[in-house]
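Below is one structure, written out as structure tokens, with a few remarks after it.
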Amino acid sequence: MFHRLSALMLPKSRRLFCSSSSHDLASTIAELNKEMEFVFGEAPPTSITGSSESQPVSQDSEFISTENIKNESKLTHVGVKGEAQMVDVSHKDISKRVAIASCKVILGKTVYDLVSANHIAKGDVLSVAKIAGITGAKQTSNLIPLCHNIDLTRVRVDLRLNHEKYCIEIEGEAASTGKTGVEMEAMTAVTLAGLTVYDMCKAASKDIQITDVRLEHKVGGKSGNWSREK
């Protein structure tokens, strides 16, 4: 391609430099620019300043994008090579940790009436589900692979019948004094309690739903306190 461009440019260039002295330097440059525009599709930069001014734009864009990447939240359970890892919490300060989670078990009127009257064949649904939730919180690290084994100081699981929506509302709380949070313990507690409700009532209906499993509140740790907006 270089040879073909040279062939296009050289003949006219020779005529330019061999032309009469009436052509001054400015007109010679102007004609060269026109020829380069014809060959390359665009004229060369008119000044050195013009080309240098465009460089900082790309540098600034690169700087901004790099900063955006640095400011993005990182997944702590992902290593530098993308592999799963357990987070090292040895450098963290010991503090009081508390987390509250909740969920709902939608029963429907028929099953709700059976539960409220304690007529479910397997027994007292609310009491058994409460114990299951507490047991589940203590087994969180065995159920979820990358969770730390935490010494819990308290686990609370409450189940409340909601007559208007024919459901059971479950709230779980976990507490500890340590280097990592107890959010997963609280969420595991309400999840296991909800699953136990389903297991005890499934003979009466398969249409039972466990919904809205979520964290409601947390205390302690580097990120501080947090509460879900109502």
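As the structure is a computational prediction, the values presented were derived from the model and not from experiment.
Nearest heavy atom pair, residue T140 against residue C147, reads CG2-SG, 4.1 Å. What you find for K179 and S90 is that their closest heavy atoms are NZ-O, 2.8 Å. Between V125 and M200, the shortest heavy-atom contact is CA-SD, 3.8 Å. Closest heavy-atom contact between A174 and L152: CB-CD2, 4.3 Å. Contact detail for V197 and A129: the closest heavy-atom pair is CG2-CB, 3.7 Å. Here the closest heavy-atom approach between residue C103 and residue V190 is recorded as SG-O, 3.4 Å.
The hydrophobic clustering, which links ILVMFWY residues whose side-chain heavy atoms are closer than 4.5 Å, places I208 and I170 together. Residues I120 and I210 fall within the same hydrophobic cluster, defined by Ile, Leu, Val, Met, Phe, Trp and Tyr side chains chained together at heavy-atom separations under 4.5 Å. Cluster annotation: V87 is not connected to M184 through the hydrophobic network of ILVMFWY side chains, with a link wherever side-chain heavy atoms come within less than 4.5 Å. Taking hydrophobic clusters as Ile, Leu, Val, Met, Phe, Trp and Tyr residues chained together by side-chain heavy-atom distances below 4.5 Å, I134 shares a cluster with L195. Linking Ile, Leu, Val, Met, Phe, Trp and Tyr whenever their side-chain heavy atoms come within less than 4.5 Å leaves V105 and L192 in two separate clusters.
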Evaluate E183 against R97 for salt bridge (Lys or Arg N to Asp or Glu O under 4.0 Å), listing each step before the verdict. CA-CA 9 Å; E183 294 94 322; R97 313 286 185 131; over 6 Å; no
Kindly determine whether E185 and S176 satisfy side-chain contact (heavy atoms from CB on, under 4.5 Å), including the steps that lead there. CA-CA 10 Å; E185 282 69 19; S176 176; over 6 Å; no
As a quick check of understanding, evaluate side-chain contact (heavy atoms from CB on, under 4.5 Å) for K96 and V219, giving each step before the final call. CA-CA 7 Å; K96 183 178 179 180; V219 174; 5.9 Å; no
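Residue K122 places its NZ atom among more than 12 non-hydrogen atoms of other residues, nucleotides or ligands, all under 6.0 Å distant. Around NZ of K165, the count of heavy atoms belonging to other residues, nucleotides or ligands within 6.0 Å does not exceed 12. Counting heavy atoms of neighbouring residues, nucleotides and ligands inside a 6.0 Å radius, atom NZ of K206 exceeds 12 of them. More than 12 heavy atoms of other shown residues, nucleotides or ligands fall within 6.0 angstrom of atom CG in N225.
S205 places none of its side-chain heavy atoms less than 4.5 Å from the side chain of T110. Two residues are said to be in side-chain contact when any heavy atoms from C-beta on lie closer than 4.5 Å; L161 and L126 meet this criterion. The shortest side-chain heavy-atom distance between H217 and E173 does not fall under the 4.5 Å cut-off. Contact of the S102 side chain with the R214 side chain is registered, since non-hydrogen atoms from C-beta on lie closer than 4.5 Å.
A distance of 13.0 Å separates CG in D207 from SG in C201, rounded to the nearest 0.5 Å. For the atom pair L143 CG and T188 OG1, the distance stands at 6.5 Å (nearest 0.5 Å). Separating the CD1 atom in I168 from the CD1 atom in I106 is a distance of 11.5 Å, to the nearest 0.5 Å.
Judged purely by atom type and a 3.5 angstrom limit, K138 has no side-chain atom pairing as donor or acceptor with the backbone of T135. K130 contributes a side-chain N or O that, together with a main-chain N or O of V157, makes up a donor-acceptor pair within less than 3.5 Å.
Between R160 and D158, none of the side-chain N atoms (NZ, or NE/NH1/NH2) sits under 4.0 Å from a carboxylate O, so this pair counts as no salt bridge.
Relative ring orientation between Y166 and Y112 is described as perpendicular, the plane-to-plane angle rising above 60° on a 0-90° scale split at 30° and 60°.
Residues D93 and S95 bring no donor and acceptor atom of their side chains to less than 3.5 Å of each other.
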